[in-house]
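Residue numbers start from 1 in every chain, and the chains themselves are labelled A, B, ... in the order their sequence lines are given, proteins ahead of strands. This one's a predicted model, so the numbers in the text were calculated from it and none came from an experiment.
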Number of protein chains: 2
Amino acid sequence: MAPRSHGVTLEDIAQRVGITRAAASMALAGSSRISEKTKQAVRDVAAELGYVPNSVGRALRRQRAGAIALIVPNTSHHVFGHTYFMHVLTGVSTSANAHDAQVIVSTNADEAGGVSAYERIIRSGTADGVIVTSAAIDDANVEMLVASGLPVVLIGSFPYLPSAMSIGADDVAASTLVTEHLLTVHGRRRLMHVSGPLDHQTGIDRRQGFLAALADHGLGEDAWVVEGDMSEESGAAAVVAALDSGRPFDGVVFANDDMAFGGMQVLRTRGLVVPTDAAVVGFDDFGLARTTTPGITTIRVPAERMAREATDTLFAVLAGQQAGPLHRELPVELVTRGSCGCHVDMP
Amino acid sequence: MAPRSHGVTLEDIAQRVGITRAAASMALAGSSRISEKTKQAVRDVAAELGYVPNSVGRALRRQRAGAIALIVPNTSHHVFGHTYFMHVLTGVSTSANAHDAQVIVSTNADEAGGVSAYERIIRSGTADGVIVTSAAIDDANVEMLVASGLPVVLIGSFPYLPSAMSIGADDVAASTLVTEHLLTVHGRRRLMHVSGPLDHQTGIDRRQGFLAALADHGLGEDAWVVEGDMSEESGAAAVVAALDSGRPFDGVVFANDDMAFGGMQVLRTRGLVVPTDAAVVGFDDFGLARTTTPGITTIRVPAERMAREATDTLFAVLAGQQAGPLHRELPVELVTRGSCGCHVDMP
DNA sequence: ATGGAGTGCTTTATCGATTCAGCAACCGTC
DNA sequence: GACGGTTGCTGAATCGATAAAGCACTCCAT
């Protein structure tokens, strides 16, 4: 690559003002050891030349990059192409802006050389800390990263990593809540659950919430759970298999909205009406659930807020203000729409 | 902030092997001036210590950051929360990964001090080049950035910036294509167009395409165009106003899918059936159009590919392989669904 | 045996910003 | 008028990696 077009350095300013780099630096930093007259002169010249401190030189000297990384494991590829990620990015970006830091978005694409992207980005000094989202349970990299003592905050729940910092949502309670809704408000009794992948805590917790609700109603005996992968296709496939099995059901609790949408399409194709023949509920409310017909009753996951608070926490760690491990779970909200029978859409 | 936990440096390796930093550096670089034996020793120690080159030191010395920035103007705030951005990020990220570069995502949030975020990020050496997306026509920062000679590639069409590099889609032809579809295939004659904001080239071009199609059919005289802002709400508002005006129409060409969705909801609320009473077409196909009922006939904009090619071009510029200005327009594709009358959805 | 070409490293300088120890000049004070 | 204290800067070192020049030493050809 060709070298970057040369910028204005402190040296340029110093020469113009007739002082040294060091003095110019102190002047711009507002040191009390520099005369007001010189400070003003330096500021004037800096403005005139359009001086912007070279962040690389500064980072080297200060031993911190002024940037944080947002890492998305490639294992959960569907996540990167998902609306969820936008919310996360917005939250991370908002917090980072408030802390004058850059955001580096990184996928865990290259695994060569035994050093994971997680480690590489931190050890290389490119970023001062990391936000990790949608990590699988068996992702050894996350464990390694947390164990290494580098500043990391995870988005999600990681009960098997007690020393990690994380901000999640109360998936279990939320899933119980939405299942209860079908049981209590709509009197459904034969529910199926299409779970997320069970190597993600989200998949486990949402299934757990479903099972807990059934148990509360004495329906725990023969709970019906099918594992999906959060994709629209897997939701559709689960419903196809359920219909073909002949086992009756009057409601389906999907672990996310994408699968719920896929399932609803199959139901419609088979001539079944949602919610009359089968009520449907989803999870996430990242956008899709609002736009389908009928709208999908779901749990609103505050992804942006989770990301923002995770990032705020990361900056607190970087500032030395956050000591021990910390896990927060943000409250979620039930959003009722047409798919459960609550609101009848327009004719 | 507390200093970053100290990493392994070349000095550590050099000491262990019994050579100097410089030799260690050359060894890892594979220089022919270092004996095979020493090279192997250095590689072994580097692996053992988990050495990762400090990207800041390297960037300072090499005078390039090894990172590019993706800038989204805050003026078009709705864009950041839009699915479009995901596609762009995916494309940029893919190309950057292939070039071993980091991606810095930046909003143009802070405008303080007269130096725009655009300039700051480049002048500070944080990024070697910039991808700018969704810039408004009157965004002086983009002009300044392009004029400064810094490596920039724009996503979109910027006919008023002839010296800029850009990759866009042929919005005019595409809009003509989808309008033609309503005119020719579905025999509609009274079309309304809800445009995007006319301070974006996209808004102008899509309107232009609509008008051209009407003119081709001798309907150019009293073309009906309303300006929206690409939001669902503005699409809804445009349809409300149209219905209330009493002026009859049998089809609406929206400049994007969000507005089409908003419009369709209003039509349904007013008891009108899409496409029977009014055909609807959108633009973008970033996800929404596929999930509504009926599905929205639209133009598929290859956002990810645009972003990928824009980023590839940026790297070509950085490598000095791309000289003159360049503007490419990628082909778009008509995707027919239920909202125009082409496919009847399931009962 | 002597100059030229390798070979394999070391030394030194550099990138830009920042920090810390100095060091003049000047001030007031007893 | 010598002395402590301030004011306002300079000089040098540092962060980590790397490029270029330099310097021993070996080897081969003439």
Side-chain angles (χ1 to χ4, degrees), chain A residues 1-42 45-46 49-66 100 120 122-126 128, chain B residues 1-42 45-46 49-66 120 122-128:
Chain A
M1 289 194 199
R4 190 173 61 81
S5 62
H6 53 286
V8 180
T9 73
L10 272 183
E11 185 65 40
D12 300 327
I13 296 180
Q15 281 187 13
R16 275 273 249 274
V17 178
I19 54 177
T20 62
R21 284 199 303 279
S25 175
M26 296 168 82
L28 287 173
S31 165
S32 62
R33 305 294 305 272
I34 302 291
S35 74
E36 200 50 55
K37 194 175 138 225
T38 303
K39 280 190 207 172
Q40 193 54 52
V42 169
V45 172
L49 300 182
Y51 171 74
V52 176
N54 182 301
S55 64
V56 177
R58 170 177 284 179
L60 182 58
R61 176 64 229 235
R62 289 193 177 161
Q63 291 292 289
R64 62 192 169 77
D100 274 322
R120 191 185 311 268
I122 286 264
R123 307 274 280 274
S124 71
T126 306
D128 300 322
Chain B
M1 291 194 196
R4 191 174 62 81
S5 63
H6 53 285
V8 180
T9 74
L10 272 182
E11 184 66 41
D12 299 328
I13 295 180
Q15 281 188 13
R16 275 273 250 273
V17 177
I19 54 177
T20 62
R21 286 198 303 280
S25 174
M26 296 168 82
L28 288 173
S31 164
S32 62
R33 304 293 303 275
I34 302 292
S35 72
E36 201 49 57
K37 192 175 139 224
T38 304
K39 280 190 206 172
Q40 193 54 52
V42 169
V45 171
L49 299 182
Y51 171 74
V52 176
N54 182 300
S55 64
V56 177
R58 172 177 284 177
L60 182 59
R61 176 63 229 234
R62 288 193 179 161
Q63 291 292 288
R64 62 190 170 77
R120 191 186 309 269
I122 286 263
R123 307 274 280 273
S124 72
T126 307
D128 300 321

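Among the heavy atoms of the strands lying under 4.0 Å from T20(B) is at least one base atom, whether or not backbone atoms are also near.
Rounding to whole angstrom units, CD1 of residue I34(A) and P of dT10(D) are separated by 8 Å. In this structure, OH of Y51(A) is placed 7 Å from C1' of dG16(C), rounded to the nearest angstrom. Atoms CG (L60(B)) and C1' (dA13(C)) sit 13 Å apart, rounded to a whole Å. Per the geometry, CZ belonging to R21(B) stands 10 Å off C1' belonging to dT11(C), to the nearest Å. Per the geometry, CD belonging to Q40(A) stands 17 Å off C1' belonging to dG8(D), to the nearest Å. Here the P atom of nucleotide dT18(D) and the CG atom of L28(B) are 8 Å apart, to the nearest Å. For the pair R58(B) CZ and dG16(C) P, the computed distance is 18 Å after rounding to whole Å. Here the P atom of nucleotide dT7(D) and the CD1 atom of I19(A) are 18 Å apart, to the nearest Å.
The two residues G125(A) and S55(B) make their nearest non-hydrogen contact at C-OG, 4.1 Å. Across every non-hydrogen atom of R123(B) and L49(A), the tightest pair is NH2-O, 3.8 Å. The nearest pair of heavy atoms linking S124(A) to V52(B) is CB-CG1, 3.7 Å. Heavy-atom minimum distance, L28(B) versus A46(B): CD2-CB, 4.3 Å.
Distance check, rounded to the nearest 0.5 Å: CD of Q63(A) to CZ of R61(A) gives 9.0 Å. Summarising the geometry, atom CZ belonging to R58(A) is positioned 13.5 Å from atom CG belonging to L60(B); distances are rounded to the nearest 0.5 Å. Here M26(A) contributes atom CE and T20(A) contributes atom OG1; the two are 9.0 Å apart, rounded to the nearest 0.5 Å. Here the CG-CZ distance, from D12(B) to R21(B), works out to 11.0 Å after rounding to the nearest 0.5 Å.
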**OP:** Applying side-chain contact (heavy atoms from CB on, under 4.5 Å), run through I34(B) and V42(B) and close with a yes or a no.
**Re:** CA-CA 10 Å; I34(B) 302 292; V42(B) 169; over 6 Å; no

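The phosphate of dG16(D) (OP1 or OP2) has a side-chain N or O of Q63(A) nearer than 4.0 angstrom. OP1 and OP2 of dA17(D) both lie 4.0 Å or more from every side-chain N or O belonging to R62(B). Distances shorter than 4.0 Å separate some side-chain N or O of S35(A) from OP1 or OP2 on dC9(D). Between T38(A) and dC9(D), a side-chain N or O to OP1/OP2 separation shorter than 4.0 Å is present.
Evaluation of the side chain to side chain donor-acceptor pair (under 3.5 Å) rule for T38(B) yields S35(B) as partners, not counting sequence neighbours.
Among the nucleotides dT10(D), dG16(C), dT18(C), the one closest to any side-chain atom of T9(A) is dG16(C). Here the nucleotide nearest the side chain of A22(B), chosen from dC15(C), dA20(D), dA17(C), is dA20(D). Residue A23(A) has its side chain nearest to dT10(D) when only dG16(D), dT10(D), dT14(D) are considered.
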Pairs under 3.5 angstrom, nitrogen or oxygen only, protein versus nucleotides 21-24 of chain D, please.
none

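Both E36(B) and R61(B) sit near DNA chain C, but only E36(B) has its closest nucleotide nearer the 5' end.
Scanning residues 10-17 of chain A for heavy-atom distances under 4.0 Å to DNA chain D yields an empty list.
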